[in-house]
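For reference, the structure is listed below as structure tokens.
Everything numeric here is computed off the predicted structure, so don't read it as measured data. Reminder, nothing fancy here: chain letters follow the sequence lines and each chain counts from 1.
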Protein chains: 2
Amino acid sequence: MKPKAASAIRIELNAVIVAVEDSVPYLLTADGLALPSGPLETAHRTLEQGLRAWAKLKGQQALGYVEQLYTFADRGRTSVGERAVSIGYLALVHEATEAQGAARSPWYLHFPWEDHRDGAPKIIGSLIMPALTAWKNAAPDSAAKRERAERISIAFPADPRAWNEELVLQRYELLWEAGLVAEAGKNAKNTLGLAMPYDHRRIVATAMARLRAKIKYRPVVFELLPPQFTLLQLQNTVEALAGLRLHKQNFRRLVEAQGLVEETGAMTSGISGRPAKLFAFRRQVLQERGTAGTKLPRTN
Amino acid sequence: MKPKAASAIRIELNAVIVAVEDSVPYLLTADGLALPSGPLETAHRTLEQGLRAWAKLKGQQALGYVEQLYTFADRGRTSVGERAVSIGYLALVHEATEAQGAARSPWYLHFPWEDHRDGAPKIIGSLIMPALTAWKNAAPDSAAKRERAERISIAFPADPRAWNEELVLQRYELLWEAGLVAEAGKNAKNTLGLAMPYDHRRIVATAMARLRAKIKYRPVVFELLPPQFTLLQLQNTVEALAGLRLHKQNFRRLVEAQGLVEETGAMTSGISGRPAKLFAFRRQVLQERGTAGTKLPRTN
DNA sequence: CTATATATGCTCATAATGAGCATATATAGG
DNA sequence: CCTATATATGCTCATTATGAGCATATATAG
């Protein structure tokens, strides 16, 4: 039973490949800032194997961590008329692993409003809030107005402590609707951040949201680090992903309490400041527990 | 650029539709215990809209909550040779909403080892552990043996307090590898639980895992309840999904502290025991916050 | 020798969680 | 009416987790 030509659907894989170097998260990109992508290879048994094989072929080293993100299929997500289904993947690589001619782009260049490590970006106060307020006031009726106000206050709260770093996708969609990103097409007025082709920036937003959520309950950061690292490097990497500053001592307490790392015996040297112990990820934790904790008041 | 006939790939949607009635979680099924499924309709703008429209067409009432689960594409997941990509969805419906000729099957019939509300099921001690131990001992080398032992002790821990209800998929895969589920084909010896066609039981395992994780940080249970309910009904529903007993008073404290419900003023009557207040879900919480909490030691 | 930059150890108040005691108010059945 | 039984609800208390911050140690840079 062959599909009719009319209903032919192309399936492609899109990979959001992330690396962090010196506290800067990068996105590995193909031509013209597009995400690396390829056709679904029928030769591979599973999608993930297909992606790994394809990445190797493309000259990237082996991907460290790979996870399926989401399957995108809105009509008109690429060119008009044609429907392409894209299966998005999130992959993490070591800084050393990347390179090899693959271009890379700092992700906060595409999402300048997401980096709050040095306080809220000025762009929020100077451009985003005024534009969103105008958009809210332009709502057709008062119900819509209230709903827009609500969404704005959650995505871009006035109180900086209420900033929820996980809402990357909601924020991107809000900015889209308000015509503040170039991808919104003819509705776009002022355009914020570096645009990407097709719906790729949206896919990246999905990846950022997933990654920011995941680092809290799964030890995936280590996939971005070299085999040995200091606790400060670890913290810097987490901060780079989350776009937030963390309390140093408490961060260490958390990491140690969870038994995520073990001392290697080695120390840093040659750098300014007191030498730091070099740690390694305790790979065993991946086996030891399936997940982290609960939130339900279990009874025993 | 039309796809070559040889690489034609069928895309279908599979829905895991869940309802809970009287503390029993059900799966709505199509013919022969298969999951309801249909072709990807190119007429709909997004996948989710397609699924909702299709469900309505099939005689189900509108789906309450819908979320994309995973895209399954292992070769040979259905019949041999042909490759079908399935986009799995999880949907929740009210008990009242379902019915209408759609068959339903209690999910613990398919996963009898997952219901720990009355303590660990006897099947674990009598059948599963002996078989898994034999499987472990049949490992080709000692490294594989150690790895199998590790996986077993996480999936089916000796200490009941270490039972992690979220590991539904890991457990299913373990049982598959050990040949304890019928879907494993010629490798299957003793077969546990009611099998389902193709890889549908695996898709359901994915859905259960997702749902068990999700109820902890998103108020999705309410999609399974009528508009008004008692706190006990709410707790029973959560317990049914999690397959665990919860501490009653602490459960209530949690629910109230989070402001998830509000009193309606009405009370139950006619049933044995002291009448209970009827509560309603505060829909506003969906707007109020994007997610729940953090786990990173943020600094302010 | 001093300024500067990190690394590490520890304390303390407050909030969240796990367990359990006690009391209130219905229905069911003699 | 009285008693057994089934829930509903209020409250306490020990333990743990979290958020903030003080103090001290040990390098490099000049």
Side-chain angles (χ1 to χ4, degrees), chain A residues 22-23 159-165 216-217 228-239 242 244-279 292-300, chain B residues 22-23 159-165 215-217 228-239 242 244-279 289 292-300:
Chain A
D22 294 332
S23 305
D159 180 355
R161 286 173 309 178
W163 174 261
N164 186 334
E165 84 283 359
K216 291 176 184 168
Y217 60 93
Q228 300 206 352
F229 49 83
T230 68
L231 292 182
L232 182 60
Q233 280 178 283
L234 176 60
Q235 181 175 348
N236 282 338
T237 305
V238 172
E239 289 179 342
L244 289 174
R245 285 284 165 223
L246 306 179
H247 182 109
K248 190 168 178 171
Q249 296 90 327
N250 291 347
F251 177 80
R252 301 163 90 102
R253 176 173 63 186
L254 205 64
V255 168
E256 292 178 350
Q258 294 185 136
L260 293 176
V261 299
E262 60 193 357
E263 298 185 12
T264 62
M267 308 276 291
T268 57
S269 66
I271 337 170
S272 179
R274 173 173 169 176
K277 291 179 188 165
L278 282 167
F279 290 84
T294 167
K295 194 70 190 247
L296 297 175
R298 295 177 57 159
T299 190
N300 289 315
Chain B
D22 294 332
S23 305
D159 180 355
R161 288 173 309 180
W163 175 260
N164 185 335
E165 84 283 359
I215 47 176
K216 291 176 184 168
Y217 61 94
Q228 301 206 352
F229 48 83
T230 68
L231 293 181
L232 183 60
Q233 280 177 282
L234 175 60
Q235 180 175 350
N236 282 337
T237 304
V238 172
E239 289 180 341
L244 288 175
R245 286 284 165 222
L246 306 180
H247 182 107
K248 191 168 177 172
Q249 296 91 327
N250 291 347
F251 178 80
R252 302 162 91 101
R253 177 172 64 186
L254 206 63
V255 167
E256 292 178 350
Q258 293 185 135
L260 292 176
V261 299
E262 59 194 358
E263 297 187 12
T264 62
M267 308 275 292
T268 56
S269 67
I271 337 170
S272 179
R274 174 173 169 177
K277 291 178 188 164
L278 282 167
F279 290 84
R289 52 177 170 213
T294 166
K295 196 67 189 253
L296 297 176
R298 296 176 57 157
T299 190
N300 289 314

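Contact between B:P275 and B:M267 at its shortest, heavy atoms only, is O-CE, 3.8 Å. Closest approach of B:V238 to A:L296, counting heavy atoms only: CG1-CD2, 4.1 Å. Of all heavy-atom pairs spanning A:N236 and A:S23, the tightest one is CB-OG, 3.4 Å.
Counting only distance, with no hydrogens or angles, the side chain of A:Q235 and the backbone of A:L246 share a donor-acceptor pair below 3.5 Å.
Evaluation of atom-type donor-acceptor distances gives a pair under 3.5 Å for the side chain of A:R253 against the base of D:dG19. Put simply, the side chain of B:R274 and the base of C:dA26 share no donor and acceptor less than 3.5 Å apart.
In this structure, of C:dT17, D:dA20, D:dA8, it is D:dA20 that holds the atom nearest to the side chain of A:H247. Which of C:dT17, D:dG19, C:dC21 sits closest to the side chain of B:Q249 comes down to C:dC21. Of the candidate nucleotides D:dT9, C:dT8, D:dG21, D:dT9 has the atom nearest to the side chain of B:K277. The nucleotide whose nearest atom lies closest to any side-chain atom of A:L232 is, among C:dT25, D:dA8, C:dT6, C:dT6. With C:dA7, D:dA6, D:dT9 as the candidates, the nucleotide lying closest to the side chain of B:S272 is D:dA6.
With DNA chain D read from its 5' end, the first of the two nearest nucleotides for A:G270 and A:L254 is the one closest to A:L254. Sequence order on DNA chain C of the closest nucleotides to A:F279 and A:N250 puts A:F279 first from the 5' end.
Atom C1' of nucleotide D:dT18 and atom CD of A:Q258 are separated by 13 Å, given to the nearest angstrom.
One finds a side-chain N or O of B:K248 lying less than 4.0 angstrom from the OP1 or OP2 phosphate oxygen of D:dA8.
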